[in-house]
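Throughout, a chain's letter reflects where its sequence line sits, starting with A, and its residues are numbered from 1.
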Protein chains: 2
Amino acid sequence: MSDARSAPVYGGESLLFLTDEQLRQGIEAMFFAYRGFTADPDRILAEMAYGRAHHRAIHFINRAPGTTVNNLLSILGVTKQSLNRVLRTLIADGLVESRVGTVDKRERHLFLTDAGRALETKLSDAQRARMRAAYKDAGPEAVAGFKQVLEAMMDTSMQRSYRNLKDGPT
Amino acid sequence: MSDARSAPVYGGESLLFLTDEQLRQGIEAMFFAYRGFTADPDRILAEMAYGRAHHRAIHFINRAPGTTVNNLLSILGVTKQSLNRVLRTLIADGLVESRVGTVDKRERHLFLTDAGRALETKLSDAQRARMRAAYKDAGPEAVAGFKQVLEAMMDTSMQRSYRNLKDGPT
DNA sequence: CAGTTTATGTCAGTCTTGTTGACATTCCAA
DNA sequence: TTGGAATGTCAACAAGACTGACATAAACTG
C-alpha cells in the first residue's frame with residue numbers, strides 16, 4: 001500500500017494519475033490551497049477579536065437561518081461546548097440572535113442580526129474574490145473536476161450536509 | 001461584489017460557474033473536504049500524543065530530507081517557536097534527527113529516523129488511501145481540474161513551495 | 001578585526017479552539 | 001407522574017498557534 005513504485009496498471013485507460021507520487025502532490029496541493037483559502041477572512045477576523053471558528057458559525061447560520069444549535073453542531077463537526085463558546089461571544093456582540101423554539105422549547109434557533117449579516121458579507125466577499133479568481137483562472141471544466149474530487153474526499157455524513165446545503169433539504 | 005444576483009455575463013463562453021452561489025458551494029466543498037482529508041491521520045495521531053502539527057513536520061521532512069529549520073518554517077507557514085515545540089518532541093521521541101550543518105554550522109539539517117519513517121508511512125498510507133479512492137471515483141480529468149483550481153487558490157509564495165516540492169528545486 | 005546580520009533555540013505569556021465533566025431545562029413515554 | 005433522553009450552558013483544561021525578549025554561534029562586511 002505504501003509502495004512508492006506502486007505499479008501503474010493499465011486497464012481501459014492509463015492509471016498513471018493514481019501513483020503514490022501523484023497522490024502525494026494532491027495532498028500537498030490541498031495543504032497549501034487550504035492556507036490560501038482561509039488567508040483573506042483570517043486577516044479580517046484577526047483585526048476583530050474573532051477567529052476561524054466564528055467565521056464558520058456565521059457562514060452556516062447565514063446559509064441556513066433559524067438552524068438549531070444541534071444542527072449546526074453536526075455540520076461543523078465540533079463539540080457543543082466548543083461551539084457554545086463561539087456562539088456566546090457572537091450573541092453578546094449582537095451579531096447572532098438566539099430564539100427559543102416555539103414547538104420545542106429546548107431548541108434555540110439561530111439568526112444573524114443586521115450587524116452579523118454585514119460581517120458575513122465582508123468575510124464572504126474576501127473569500128469569494130479569491131475563489132472567483134481561481135475559478136476564472138482554471139476554467140469551468142477544471143472547476144467541475146475540482147468539485148467532483150472534493151466531494152469524493154468527504155465522509156458520507158459530510159456529503160449529506162454538503163448536498164443538503166447545496167440543493168436544499170428534501 | 002457581494003451581489004447575490006451577480007449577473008451571469010456571457011462572453012465567449014458561459015460564466016454561470018462564477019455566480020456567487022457556485023462560489024459558495026466551492027467554499028463549502030473545501031470546508032467539508034478538508035475535514036475528510038485530515039480525518040484518517042488525525043485518528044492515528046490522537047492515539048499517540050501527537051497532533052496535526054507533528055504530521056505536517058514529518059511529512060515535509062520526509063519529502064525533503066536534510067532540510068533546514070528555516071526552510072521548513074517557510075513551507076509550513078508557522079512561527080519558529082511553534083515549530084520548535086513540535087520538533088523538540090519529535091527529536092526527544094527519536095523520530096527526527098537534527099544534524100548540525102557541515103558548511104554552515106548554524107543550520108540544523110532534519111532527517112527522519114527509521115521510527116520516524118515508519119510513522120510517516122503509516123500516516124501517509126491512511127491519507128493516500130482516501131485520496132486514491134477519491135481520485136479513482138472522480139477520474140483523471142477531474143483530478144487535473146482539481147489540481148488546477150487548488151494551485152490557482154494558493155498565494156504565489158505557496159505556489160513556489162508547491163512547485164519546488166513537485167518538480168524538485170531548480 | 002569589529003560590528004552586523006543570520007540561523008537557531010529558549011523562556012514566558014497570551015489567544016483561539018478544541019476537549020471532558022457536571023448540570024439545568026424541557027420533552028416524552030412508560 | 002416519574003424517569004430517561006434531548007438540548008443547551010457553564011467551568012476547567014490541553015493543544016497549538018501567536019508575540020516579544022533574549023542568548024548563542026556562525027557568517028559576512030567594511
Side-chain angles (χ1 to χ4, degrees), chain A residues 31 34-35 38-39 41-61 66-93 96-111 123, chain B residues 31 34-35 38-39 41-59 61 66-93 96-111:
Chain A
F31 171 71
Y34 199 78
R35 282 243 301 281
T38 57
D42 279 358
R43 254 191 298 278
I44 296 171
L45 291 157
E47 292 169 16
M48 337 176 94
Y50 295 139
R52 212 174 282 175
H54 299 85
H55 183 193
R56 292 199 279 257
I58 288 174
H59 175 100
F60 287 109
I61 293 172
T67 188
T68 62
V69 172
N70 230 9
N71 183 39
L72 199 51
L73 233 45
S74 71
I75 289 175
L76 295 176
V78 298
T79 59
K80 60 181 175 175
Q81 294 86 337
S82 192
L83 174 59
N84 190 255
R85 182 164 7 83
V86 168
L87 284 180
R88 213 186 318 162
T89 70
L90 290 175
I91 291 168
D93 295 352
V96 167
E97 193 191 346
S98 166
R99 297 185 206 151
V100 174
T102 48
V103 9
D104 187 334
K105 287 181 193 162
R106 290 173 303 182
E107 295 181 339
R108 304 298 141 96
H109 298 275
L110 303 168
F111 300 87
L123 294 169
Chain B
F31 170 69
Y34 198 77
R35 281 242 302 281
T38 56
D42 279 358
R43 255 191 299 276
I44 297 171
L45 290 157
E47 291 168 15
M48 337 177 93
Y50 295 140
R52 211 175 284 174
H54 299 85
H55 182 196
R56 292 198 280 257
I58 288 174
H59 174 101
I61 292 173
T67 187
T68 62
V69 173
N70 235 5
N71 184 39
L72 199 52
L73 233 43
S74 71
I75 289 175
L76 295 177
V78 297
T79 59
K80 62 177 175 178
Q81 294 88 336
S82 196
L83 175 59
N84 191 254
R85 180 162 16 83
V86 168
L87 282 180
R88 215 185 315 162
T89 69
L90 290 175
I91 291 168
D93 295 352
V96 167
E97 192 191 346
S98 165
R99 295 186 207 150
V100 174
T102 47
V103 3
D104 186 335
K105 288 180 195 162
R106 290 172 304 180
E107 295 181 340
R108 307 298 145 93
H109 298 275
L110 302 169
F111 300 87

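Between B:Glu107 atom CD and B:Thr67 atom OG1 the span is 9.5 Å, to the nearest 0.5 Å. The distance from the OG1 atom of A:Thr68 to the CG atom of A:Leu73 is 8.5 Å, given to the nearest 0.5 Å.
Atom-to-atom, CG of A:Asn71 to P of D:dT7 comes out at 10 Å; the value is rounded to the nearest Å. To the nearest angstrom, C1' of C:dA7 lies 12 Å from CG of B:Leu110. Here C:dT6 presents its C1' atom at 8 Å from CG of B:Asp104, a figure rounded to the nearest Å. Between A:Arg99 atom CZ and D:dG8 atom P there is a gap of 15 Å when expressed in whole angstrom units. For the pair B:His109 NE2 and D:dA26 P, the interatomic distance rounds to 14 Å; values are reported in whole Å. Separating the CG atom of B:Asp42 from the C1' atom of D:dG16 is a distance of 13 Å, rounded to the nearest angstrom. When rounded to the nearest whole Å, the span between CD of B:Glu107 and P of C:dT5 equals 19 Å. A:Lys105 has its NZ atom 16 Å from the C1' atom of D:dA6, to the nearest Å.
Closest non-hydrogen pair, B:Leu45 versus B:Gly51, comes out as CD1-O, 3.5 Å. Annotation for A:Ser98 and A:Leu110: closest pair CB-CD2, 4.0 Å, computed over non-hydrogen atoms. The shortest non-hydrogen separation linking A:Ile75 to B:Arg35 is O-NH1, 3.3 Å.
Using a 4.0 Å cut-off, some side-chain N or O of B:Asn70 falls inside it from OP1 or OP2 of C:dT8. Between B:Thr79 and the phosphate of D:dA17, there is no side-chain N or O to OP1/OP2 separation shorter than 4.0 Å.
In this pair, B:His59 and B:His55 present their aromatic rings perpendicular. The plane angle is above 60°, beyond the 30 to 60° band. Between A:Phe60 and B:Phe31, the angle of the ring planes lies from 30° to 60°, which puts this pair in the tilted group.
Residue A:Met48 is the one, among A:Met48 and A:Thr102, whose nearest nucleotide of DNA chain C lies closer to the 5' end (criterion: closest heavy atom).
Contacts between residues 82-92 of chain A and DNA chain C, counted as heavy-atom distances below 4.0 Å, involve A:Ser82, A:Arg85. Residues from residues 50-59 of chain B placing a heavy atom under 4.0 Å of any atom in DNA chain C do not occur.
A donor and an acceptor atom never sit less than 3.5 Å apart when one is taken from the side chain of A:Gln81 and the other from the base of D:dG8. The base of D:dA27 has none of its N or O atoms less than 3.5 Å from a complementary donor or acceptor on the side chain of B:Arg106.
Counting non-hydrogen atoms under 4.0 angstrom, B:Val100 reaches nothing in the nucleic acid. Within 4.0 Å (heavy atoms only), A:Lys80 reaches at least one base atom of the nucleic acid.
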Please determine whether side chain to side chain contact (heavy atoms under 4.5 Å, CB included) holds for the pair B:His54 and B:Leu90, giving the CA-CA distance in whole Å, both sets of side-chain angles, and the decisive distance to 0.1 Å.
CA-CA 8 Å; B:His54 299 85; B:Leu90 290 175; 4.0 Å; yes

Would B:Lys80 and B:Val69 satisfy side chain to side chain contact (heavy atoms under 4.5 Å, CB included), going step by step from the backbone distance to the final call?
CA-CA 8 Å; B:Lys80 62 177 175 178; B:Val69 173; 5.5 Å; no

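The shortest distance between side-chain heavy atoms of B:Tyr50 and B:Ile58 does not fall below 4.5 Å.
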